[in-house]
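As structure tokens, the structure follows; a few thoughts come after it.
For the numbers below, each heavy atom of this structure counts, side chains included, while hydrogens, waters and symmetry mates do not.
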Amino acid sequence: MRVGAVYQGDGQCEFVVWAPLKQQVALQILTPEERIIPMELGELGHWRVSLAEIEPGTRYCYQLDGELTRPDPASHFQPEGVHQPSAVVDHHQFNWQDQSWRGVPLADWIIYELHVGTFTPEGTFTAMIDRIPQLLELGINVIELMPVAQFPGSRNWGYDGVYPYGVQESYGGPEGLKQLINACHQQGMVVILDVVYNHFGPEGNYTQDFGPYFTEKYNTPWGRAINFDDTYSPGVRNFFVENVLYWLEDYHIDGLRLDAVHAIYDFGARHILEEMADAVAELSQTMGRKFYLIAESDLNDVRVIKPKSQGGYGLDGQWSDDFHHCIHTLLTGENSGYYQDFGQIKHLEKALTESFVYSWSYSPDRKRYHGNYGGDRPLSQFVVCSQNHDQIGNRMLGDRLTQLVSFEALKLAAATVLFSPYIPMLFMGEEYAEDAPFSYFISHSDTDLVEAVRQGRKREFEAFHAVGEPPDAQSQSTFQACILRWETRTEGQHGILLNFYRTLIRLRREIPALHQVKRQDQAICHAEEQRLLFVQQKVGDNHVFWILNFNQQPETFNFSEDGRSWQKCLDSADLEWKGPGSQLPIALEKSQPLTMAPTSFVLYQS
């Protein structure tokens, strides 16, 4: 059952709101003239009324038991912010020009995660459009938008959203988002959206005034869990399943990234993620093109992505945080917090062969066994990265790898991700070593809440033994410092790294053994003391051999001739990439000792 103000055209609009415990609910129309219309209670606690002579943009609220007046929890637009009336949106009037769009297969994705507010100086959807051709030229074919559901104020990461159906007004609202997606599809760019179904933000969250959206049975890091399996949960489940379909149908979004599904608690016989996956599968069949659901999960549990026939939830993919942690610890040497579970070459080897490092093995950080085996799932079900919004922004200073490691190490990280057999994801700016940080920022109006955020951030960094004060999340200057310095991307060292990324992506696409490989076609081994990793992959007659040196010193090893002739394709130590110079031969045709430059990467093809 659709919820919210469902505009049907020609002035007709149906208003539906879930409030199962209320004795009476009335619709309050505020523009152009104020009037109050009683609503009728239907099945499962949904109240509804259909009206004529309602125009797009009409402001409205709901009156609950004659006492409270609140915006619509399923509001499609909050033009004046989270505390003010909702607005009717006509989703039929937009002139879509993507009718021939069929998307890009998941196995071919190269994702670029970005934050709308800091991607351009304007911080809007439409301002992004001019940069899409440059991302396409780089080789990106998927942009992943951090959450755009309406949040308090004008600047926020988006995980404090309180209207899951609303589109952030400071970014350009519904019209701006549609213009961006329309432009992307016309140019061949996939758009996926980060959505948050595990909690609501604290400011402007009026859902509990309508009904039992939350349960006391479980707690999350953000407070009470959303009610997916307790009494009255059918209305909550409907609210979020419909939200999934809303983004895909009304906004032509190609897929959703589901935030922190480990904090979605549902112990019913049919998990809410399974219900979402079923709904999306049905929509895909109806629309004649595939839509995708990709989970972020801290559980290392392949049940999320296994098909229903194998007892899974049937999602299309999930992030592998283990892969990120392997790269980060090998390059930085950091070992505090959860990083203590990583830092050895053997960990990266396991991440490349089995997707997870912890697959029901003991985690020193967690002090318990963690994860399960991912090595029997398709490689294209795992998204990997060396940087993302969480891993940068949850550092005290929001510092990127650019500030933490050498230029050689940045190239090594890029090659590890882009030549991995998984779905690679870049975080905006990493392709040119962006200097701007990505710190946590908010613009709440509740002073007590602002102070609580400040104190909470300080406590978070205690586990990492961070020294000093984090930037003030509420400060405008903290936000301004995070805006990309896009104009520097072609200058000097930035331009060299940009071209290096472009070359990596081109080779990934051109060489079958880099993008069509299956697990059984990989041979991976490591030398722990030398911090070397050796990878061979084959697809038919196409073979590649790539070597990663995570040591700060040159390393020499013996190459054993295998009867094939190997030609060097890319060497990060070469002078053209501002490297120290390479000692590796152009061709490998006999057994011989090879010496790799420090923190470098080489690719050979046969």
Side-chain angles (χ1 to χ4, degrees), residues 111 113 296-302 317-366 369-375 377 379 381-392 394-395 400-401 404-406 408-427 430 464 504 519 522-535 537 546-552 555 572 596 598-601:
I111 305 173
E113 185 191 23
E296 179 207 15
S297 174
D298 189 45
L299 300 177
N300 282 15
D301 187 356
V302 294
Q318 69 179 107
W319 284 21
S320 172
D321 283 345
D322 283 11
F323 194 93
H324 165 274
H325 300 341
C326 287
I327 298 174
H328 187 91
T329 52
L330 285 169
L331 292 178
T332 66
E334 295 180 4
N335 60 2
S336 59
Y338 50 75
Y339 286 144
Q340 67 184 283
D341 285 354
F342 303 88
Q344 298 181 55
I345 292 292
K346 69 176 183 180
H347 293 143
L348 181 56
E349 178 183 345
K350 190 173 182 184
L352 281 165
T353 55
E354 297 184 15
S355 303
F356 298 138
V357 175
Y358 287 87
S359 51
W360 201 240
S361 44
Y362 187 79
S363 159
D365 175 54
R366 293 177 173 85
Y369 287 89
H370 177 62
N372 58 26
Y373 180 66
R377 300 308 309 154
L379 295 164
Q381 286 198 293
F382 298 91
V383 176
V384 299
C385 67
S386 65
Q387 302 183 68
N388 62 44
H389 75 274
D390 269 331
Q391 302 302 333
I392 299 172
N394 286 328
R395 298 178 66 84
R400 298 165 174 263
L401 273 184
L404 302 176
V405 302
S406 68
E408 297 307 299
L410 293 178
K411 291 183 288 180
L412 180 56
T416 308
V417 171
L418 285 165
F419 282 174
S420 82
Y422 304 119
I423 304 300
M425 185 180 75
L426 283 57
F427 183 67
E430 79 164 74
F464 284 84
L504 289 172
R519 290 190 193 271
Q522 292 179 296
I524 306 176
C525 62
H526 72 279
E528 193 68 61
E529 290 188 8
Q530 293 177 290
R531 296 169 67 85
L532 293 171
L533 188 70
F534 307 91
V535 182
Q537 297 171 182
W546 43 288
I547 312 166
L548 307 169
N549 179 15
F550 282 89
N551 209 319
Q552 300 288 337
E555 284 297 337
S572 66
M596 284 194 71
T599 49
S600 68
F601 160 89

* To do: Apply ring pair (Phe, Tyr, Trp, His ring centres under 6.0 Å) to H370 and list each qualifying residue two or more places apart in sequence or on a separate chain.
  => none
* Mark yes or no for whether T329, through its side chain, and G343, through its backbone, hold a donor-acceptor pair below 3.5 Å. => yes
* Asked: If we only count heavy atoms from C-beta on, is the I111 to P424 side-chain gap below 4.5 Å?
  -> no
* **From C326 atom SG to K346 atom NZ, the distance as rounded to the nearest 0.5 Å** => 11.5 Å
* Q391 and H328: side chain donor to acceptor below 3.5 Å -> no
* Nearest non-hydrogen partners of A415 and L504, listed with the distance -> N-CD1, 3.8 Å
* When rounded to the nearest 0.5 angstrom, what is the spacing between CD1 in I327 and CZ in F342? -> 11.5 Å
* To do: Determine, step by step, whether Q318 and V383 satisfy the side-chain contact (heavy atoms from CB on, under 4.5 Å) criterion, reporting the C-alpha distance in whole Å, the side-chain angles of both residues, the deciding distance to 0.1 Å, and the verdict.
  => CA-CA 6 Å; Q318 69 179 107; V383 176; over 6 Å; no
* Asked: Of the non-hydrogen atoms in S406 and T599, which two are nearest, and what is the gap between them?
  -> OG-OG1, 4.3 Å
* Asked: Does F419 have any ring pair (Phe, Tyr, Trp, His ring centres under 6.0 Å) partners at least two apart in sequence or in another chain, and if so, which?
  -> F601
* **I345 backbone acceptor or donor facing E528 side chain under 3.5 Å** => yes
* Inspect the contact between R395 and E334 and indicate whether a charged nitrogen and a carboxylate oxygen are less than 4.0 angstrom apart. => yes
* D322 and N300: side-chain donor and acceptor closer than 3.5 Å? -> yes
* Compare every heavy atom of N372 with every heavy atom of S359, then report the nearest pair and how far apart it is. => CB-O, 3.3 Å
* To do: Grab the two heavy atoms, one from S297 and one from D321, that are nearest each other, plus how far apart they are.
  => O-OD2, 4.5 Å
* Asked: Just how far is it from atom SG of C385 to atom CZ of F323, taken to the nearest 0.5 Å?
  -> 9.0 Å
* When rounded to the nearest 0.5 angstrom, what is the spacing between CD in E296 and CG in D390? -> 5.5 Å
* Does H389 offer a backbone N or O that forms a donor-acceptor pair with the side chain of E113 under 3.5 Å? -> yes
* Asked: Going by the side chain to side chain donor-acceptor pair (under 3.5 Å) test, which pairs reach into residues 408-418, not counting sequence neighbours?
  -> E408-K411
* With side-chain contact (heavy atoms from CB on, under 4.5 Å) as the test, would you mind laying out the steps for S600 and N549 before giving the verdict? => CA-CA 5 Å; S600 68; N549 179 15; 4.2 Å; yes
* To do: Just do the side-chain contact (heavy atoms from CB on, under 4.5 Å) check on D341 and H325 with the steps written out, would you?
  => CA-CA 9 Å; D341 285 354; H325 300 341; over 6 Å; no
* Asked: Can the ring centroids of F356 and Y373 be said to lie less than 6.0 angstrom from one another?
  -> no
* Hey, what do you get for OG (S320) to CE (M425), rounding to the nearest 0.5 Å? -> 11.0 Å
* Kindly compute the distance separating CD (Q530) from CE (M596), expressed to the nearest 0.5 Å. => 11.0 Å
* Would a 4.5 Å heavy-atom cut-off, applied to side chains only, mark R366 and D298 as touching? -> yes
* Among all residues two or more places apart in sequence or in another chain, which pass the side chain to side chain donor-acceptor pair (under 3.5 Å) test with E430? -> Y501
* Go through the structure and list residues passing ring pair (Phe, Tyr, Trp, His ring centres under 6.0 Å) with F534, not counting sequence neighbours. => F557
* Say whether S355 and R519, considering side chains only, have a donor N or O and an acceptor N or O under 3.5 Å apart. => yes
* Please report the C-alpha distance between L533 and I524 in whole Å, then the side-chain angles of each, then the deciding distance to 0.1 Å, and finally whether the side-chain contact (heavy atoms from CB on, under 4.5 Å) criterion is met. => CA-CA 7 Å; L533 188 70; I524 306 176; 3.9 Å; yes
* Asked: Below 4.5 Å, heavy atoms only, C-beta onward: do V405 and T332 meet side chain to side chain?
  -> yes
* Asked: Taking the side chain as C-beta and beyond, is there a heavy-atom pair between L412 and S572 under 4.5 Å?
  -> no
* In this structure, are over 12 heavy atoms from other groups packed under 6.0 Å from Y362 atom OH? -> yes
* Residues two or more places apart in sequence or in another chain: which of them pass ring pair (Phe, Tyr, Trp, His ring centres under 6.0 Å) with H347? -> none
* Q340 to N335 - nearest heavy-atom pair and separation -> CB-O, 3.3 Å
* **Polar side-chain atom of R531 near backbone of L330 as donor-acceptor pair, under 3.5 Å** => yes
* Asked: Can you name the nearest heavy-atom pair linking Q387 to H324, along with the distance?
  -> N-CD2, 3.9 Å
